A.B. asks: 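Pasting in a structure now, in structure tokens, and then I'll have a few things to ask.
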Amino acid sequence: QVQLVESGGGLVQAGGSLRLSCAASGGSFSSYAMAWFRQAPGKEREVVAAISWGGGTTYYSDSVKGRFTISRDNAKKTVYLQMNSLKPEDTAVYYCAARRSSVIRVNGHEYNYWGQGTQVTVSS
């Protein structure tokens, strides 16, 4: 069983930056592919970025490519999401998710564990 706890959300002006962290406990963190999802009010959950268990493969949605960077530190059992050039449309609750596989996926149904989420609000 893996427990995930996100942190780092908050209120930021458009053009600003935030760094989200997701700390894992339990399980074998280095055996999990990790991802960040987000859900805005009235919208479906969507994948933002994903990273393989070794960090060698990453995925970004088109909406964040070039602005966001996903990374992981297996020794610290933590995955990060560096968000730059934030836009009001990035406003959402951001969730960290873990998948018992080396292979990343973009469908949330293929992830086994989820954090409680952290709110990111970008003002215009």
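In this text, all values refer to a predicted model and were calculated from it rather than measured experimentally.
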A.B. asks: Go through the steps to decide whether W114 and L4 satisfy the test side chain to side chain contact (heavy atoms under 4.5 Å, CB included), and finish with yes or no.
C.D. replies: CA-CA 6 Å; W114 292 82; L4 304 172; 5.6 Å; no
A.B. asks: Rounded to the nearest 0.5 Å, how far apart are OG1 of T118 and CD of Q116?
C.D. replies: 7.0 Å
A.B. asks: Can you sort out the partners of S25 under side-chain hydrogen bond (donor to acceptor under 3.5 Å, both in side chains), two or more places apart, ordered by chain and number?
C.D. replies: Q3
A.B. asks: Between R67 (side chain) and S85 (backbone), is there a donor-acceptor pair under 3.5 Å?
C.D. replies: yes
A.B. asks: Any side-chain hydrogen bond (donor to acceptor under 3.5 Å, both in side chains) involving residues 72-81? Give me the pairs, sequence neighbours left out, ordered by first then second residue.
C.D. replies: R72-N74
A.B. asks: Within this structure, what is the CG-OG1 distance for the pair L81 and T69, rounded to the nearest 0.5 Å?
C.D. replies: 8.0 Å
A.B. asks: Can you name the side chain to side chain contact (heavy atoms under 4.5 Å, CB included) partners of D62, sequence neighbours left out?
C.D. replies: K65
A.B. asks: According to side chain to side chain contact (heavy atoms under 4.5 Å, CB included), who are the partners of V120, at least two apart in sequence or on a separate chain?
C.D. replies: L18, L20, M83, Y94, V122
A.B. asks: Hey, any chance I51 and Y113 share a hydrophobic cluster, counting ILVMFWY side chains that come within less than 4.5 Å of each other, even indirectly?
C.D. replies: yes
A.B. asks: Connecting only ILVMFWY residues whose side-chain heavy atoms lie within less than 4.5 Å of each other, what is the rest of V103's hydrophobic cluster?
C.D. replies: none
A.B. asks: So which heavy atom on V79 is nearest to which on S71, and how close?
C.D. replies: CG2-O, 3.1 Å
A.B. asks: Side-chain polar contacts of residues 40-48 - donor-acceptor pairs under 3.5 angstrom, sequence neighbours left out - could you list them?
C.D. replies:
residue : atom : partner : partner atom : Å
E46     : OE2  : R38     : NE           : 2.7
E46     : OE2  : R38     : NH2          : 3.2

A.B. asks: Only counting residues at least two apart or in another chain, list the ones meeting ring pair (Phe, Tyr, Trp, His ring centres under 6.0 Å) with Y111.
C.D. replies: F37
A.B. asks: So W36 and I70, do their side chains get closer than 4.5 Å, heavy atoms only?
C.D. replies: yes
A.B. asks: With clusters built from Ile, Leu, Val, Met, Phe, Trp and Tyr whose side-chain heavy atoms come within less than 4.5 Å, directly or transitively, what are the remaining members of the cluster of V5, listed by chain and number?
C.D. replies: none
A.B. asks: Can you name the closest pair of heavy atoms from A98 and Y32 and give their distance?
C.D. replies: CB-CD2, 4.0 Å
A.B. asks: I need the full list of side-chain hydrogen bond (donor to acceptor under 3.5 Å, both in side chains) pairs touching residues 47-61, with sequence neighbours left out, sorted by first then second residue.
C.D. replies: S61-S63
A.B. asks: Enumerate the side-chain hydrogen bond (donor to acceptor under 3.5 Å, both in side chains) contacts for residues 11-23, please, sequence neighbours excluded, ordered by first and then second residue.
C.D. replies: S17-N84
A.B. asks: Under the side-chain hydrogen bond (donor to acceptor under 3.5 Å, both in side chains) test, which residues partner Q119, sequence neighbours left out?
C.D. replies: T121
A.B. asks: Could you tell me which non-hydrogen atom of A24 sits nearest to which non-hydrogen atom of V2, and how far apart they are?
C.D. replies: CB-CG1, 4.2 Å
A.B. asks: Any idea which heavy atoms bring E6 and G115 closest together, and the distance?
C.D. replies: OE2-CA, 3.2 Å
A.B. asks: Applying side-chain hydrogen bond (donor to acceptor under 3.5 Å, both in side chains), name anything that partners S101, two or more places apart in sequence or on another chain.
C.D. replies: R99
